[in-house]
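Taking it in order: structure first as structure tokens, then the write-up.
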Amino acid sequence: MNEAGGTRRGGLVATPETLRRVFVMRENDSARETLVKYMEQILFGLQDFLRRHVGITEEVPIKELSSRYMDSTISLEPEKRLAEVITGLIKEIAPHAVNVSSPYFVGHMTGAMPFFMVHLQTIVAALNQNVVKVETSKVVSIVEKETLAKIHRLIFKLDDGFYNAHIQSPSTSLGGFVEDGTLANLTALWVARDRLLAPRDGFEGVEREGVPAAYKEYGIDRLVVIVSQLGHYSLRKSGGVLGIGNQNVLPVPVDRHNKIDVNRLRALLDDLRANEPKTRVLALVGIAGATETGTVDPLERLADIAQERGIHFHVDAAWGGPTLFSEKYRHVLSGIERADSVTIDGHKQFYMPMTCGMVYFKDPNAMDAIAYHSNYVARPGSVDLGIRSLAGSRPSTALILHGALKVMGQRGYALLIDHGIDLAREFALEIQRRPNFQLLTPPELNILTYRYCPANVQEWLDAANCEERRRITIRLNRGNMLLQRRQREHGKSFVSRTTLRRPEQRGGDMVVLRSVLMNPMTTIGILKEILDEQEAMARGELAKAFTV
Ligand SMILES: Cc1ncc(COP(=O)(O)O)c(C=O)c1O
């Protein structure tokens with residue numbers, strides 16, 4: 001007999017008694033020992049497993065894994081004891097999940113966490129607070145407000161008086177915890193939309209009356225959001241959800257440094273003003289750490305433009321935000337303090353567990369535009385955090401960040417940021433040193449892209465006409481795609497891949513390998529091994545693919 005299962009003829013069975021035991025912590029010492037053993041198994045068994053397997057994942061294809069999970073029935077009686085479930089997770093699931101904490105896993109914005117995050121996460125689960133309302137969270141909602149103030153201050157650097165007034169004010173909000181970066185961007189644009197199409201005499205606002213009525217009231221027929229072509233696709237999703245249409249998220253080309261081309265931006269705004277009097281700009285978005293290239297838009301110049309033209313200025317710092325901790329590199333984000341709203345993700349460079357999105361507003365009254373009340377929760381005047389939040393019930397993720405900021409301090413986070421950027425620069429030099437690789441986007445933060453391109457092909461490309469260049473690029477695109485896939489399948493290391501837009505005359509769209517260097521255990525030695533492996537594959541099993 002165990003947990004939800006009693007035993008009957010060797011099998012397990014659910015009874016009121018066994019159910020009671022699942023819910024109530026048993027008090028005798030042997031039961032406590034059992035629980036502690038399970039926790040140890042989870043906390044250390046999994047960790048030990050990951051430590052032993054530096055590789056990324058076992059070499060079992062997705063198709064075969066799918067065939068192992070084909071049972072759509074739920075067994076009537078309990079199937080397994082908790083110990084068996086935990087062992088199964090460690091032995092059967094973990095090896096086929098992705099070991100994102102491996103220092104050889106340098107392809108995505110998901111990576112190793114400091115181990116204490118698992119403990120903090122466990123406490124959040126154990127407390128099971130629901131911060132939609134103070135009645136189910138009490139001090140935890142108050143801690144969330146303090147945490148919001150700390151990050152708000154990191155971004156906007158306002159004075160003591162401001163934070164004293166707002167840190168625990170029930171009537172204002174410095175921002176909010178949301179599920180992820182996508183919902184942070186959505187919330188920022190939601191607030192911007194509702195403030196632009198606000199209630200006024202005889203009109204109750206877009207939130208209440210809807211987009212068609214608001215357009216009619218304000219005499220417009222289109223709202224647009226402007227961002228560089230490297231904008232995250234969550235902005236397009238937001239366009240869809242907010243009813244402005246995702247085709248109205250307008251991409252502006254980037255310059256040769258992968259930053260929004262400010263001249264093209266100005267030209268677009270002038271054109272809209274001159275030729276589309278019924279179009280209004282909902283928001284101008286600057287990126288602080290573009291997903292594909294890690295580049296940062298010229299935030300000061302964007303802030304100037306937004307200010308001149310009275311446009312809501314949002315900065316998507318989902319990735320790059322924590323760069324503000326670094327004395328050495330925070331200048332790269334200069335201008336972020338002039339934003340009206342900012343997105344930052346905790347599960348990215350705050351090294352928190354999945355997931356923690358955050359959105360911040362400079363104006364502590366901005367989120368009033370999206371306030372909702374009901375009779376049983378989120379009552380007017382209460383501290384209920386559900387008043388100004390897209391989500392209803394949600395976990396007390398802020399507790400994790402609150403704890404992490406104490407364990408790490410600004411300097412701890414700065415060390416992580418500095419390591420990533422310094423390493424990316426060293427890696428860029430190594431790529432440039434190797435004749436068969438091409439560095440394509442040098443790192444501004446800790447992300448860079450490159451591709452395998454044999455030295456002789458580079459020479460041909462330089463001499464090629466437009467048509468030949470396109471043909472060679474297509475060939476290289478396929479080669480690099482195969483290379484990335486092969487290396488992933490091989491299972492020791494992982495870089496990701498994306499396609500960068502490039503004009504036809506320069507060969508057209510280009511498939512590139514992408515490295516995200518966030519794991520402090522990743523060294524230049526490891527990165528050299530990754531390049532060595534790629535080179536060996538490209539010269540060996542994939543040699544044909546790179547013959548042009
Ligand atoms: C710049 C940027 N913004 C927003 C997002 C969306 O974040 P999430 O995946 O947490 O929704 C990402 C994710 O990679 C990102 O890189």
Side-chain angles (χ1 to χ4, degrees), residues 98 100 105-111 113 151 155 175-190 192 225-242 246 249 251-252 254 258-260 283-299 302 313-324 332-333 336 339 341-360 390-391 394-395 397 400-401 417 420 424 441 443-449 494-500 512 514-518:
V98 176
V100 295
F105 184 86
V106 292
H108 281 305
M109 293 171 157
T110 304
M113 298 182 290
I151 306 300
I155 301 167
F177 280 79
V178 292
E179 191 172 337
D180 60 0
T182 297
L183 295 197
N185 280 338
L186 172 65
T187 305
L189 297 182
W190 182 25
V225 171
I226 299 180
V227 63
S228 96
Q229 68 188 60
L230 292 174
H232 189 263
Y233 74 106
S234 54
L235 296 166
R236 281 190 291 120
K237 274 190 203 169
S238 305
V241 174
L242 293 174
N246 65 23
V249 177
V252 177
V254 289
N258 294 294
K259 294 164 184 279
I260 191 166
L284 172 61
V285 181
I287 311 171
T291 317
E292 288 164 292
T293 58
T295 39
V296 180
D297 284 331
L299 302 180
L302 295 188
F313 178 37
H314 175 65
V315 174
D316 183 354
W319 178 252
T323 310
L324 292 168
V332 177
L333 265 57
I336 192 171
S341 55
V342 173
T343 286
I344 300 193
D345 272 348
H347 54 275
K348 294 189 167 80
Q349 296 209 81
F350 279 103
Y351 293 80
M352 288 169 64
M354 291 287 145
T355 58
C356 170
M358 291 174 277
V359 60
Y360 291 90
L390 181 58
R394 63 187 175 84
T397 316
I400 303 178
L401 182 54
I417 294 288
T441 59
E444 185 170 25
L445 298 179
N446 49 2
I447 299 176
L448 59 77
T449 67
F494 177 82
V495 302
S496 60
R497 137 173 89 75
T498 188
T499 303
L500 295 181
V512 297
R514 167 175 169 269
S515 283
V516 181
L517 301 170
M518 68 182 298

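Numbering of ligands and ligand atoms starts at 1, following listing order. When reading the values below, keep in mind they use all heavy atoms of this one structure, side chains included, and skip hydrogens, waters and symmetry mates.
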**Study point:** Set of residues satisfying salt bridge (Lys or Arg N to Asp or Glu O under 4.0 Å) with respect to Arg497, sequence neighbours excluded
**Key:** none
Review point. With a 4.5 Å limit on heavy-atom distance, are the side chains of Val227 and Asp316 in contact?
Key: no
Go ahead and list the nitrogen or oxygen contacts between ligand 1 and the protein that come in under 3.5 Å, distances to 0.1 Å, or just say none.
residue, atom, partner, partner atom, Å
ligand 1, 3 (N), Asp316, OD1, 3.1
ligand 1, 3 (N), Asp316, OD2, 2.7
ligand 1, 7 (O), Asp345, OD2, 3.3
ligand 1, 7 (O), Lys348, NZ, 3.0
ligand 1, 10 (O), Gly181, N, 2.9
ligand 1, 10 (O), Asp345, OD2, 3.0
ligand 1, 10 (O), His347, NE2, 2.8
ligand 1, 10 (O), Lys348, NZ, 3.3
ligand 1, 11 (O), Asp180, OD2, 3.0
ligand 1, 11 (O), Gly181, N, 3.4
ligand 1, 11 (O), Thr182, N, 2.8
ligand 1, 11 (O), Thr182, OG1, 2.6
ligand 1, 16 (O), Thr291, OG1, 2.8

Review point. Are the side chains of Ile155 and Ile344 in touch, meaning some heavy atoms are under 4.5 Å apart?
Key: yes
Review point. Do Glu292 and Thr449 come close enough that some side-chain heavy atom pair is under 4.5 Å?
Key: no
Exercise for review: Could you pull out all residues at least two apart from Ser234 that satisfy side chain to side chain contact (heavy atoms under 4.5 Å, CB included)?
Suggested key: Thr182, Asn185, His232
Point to revise | Residues that Phe494 engages under ring pair (Phe, Tyr, Trp, His ring centres under 6.0 Å), provided they are two or more places apart | key: Phe105, His108
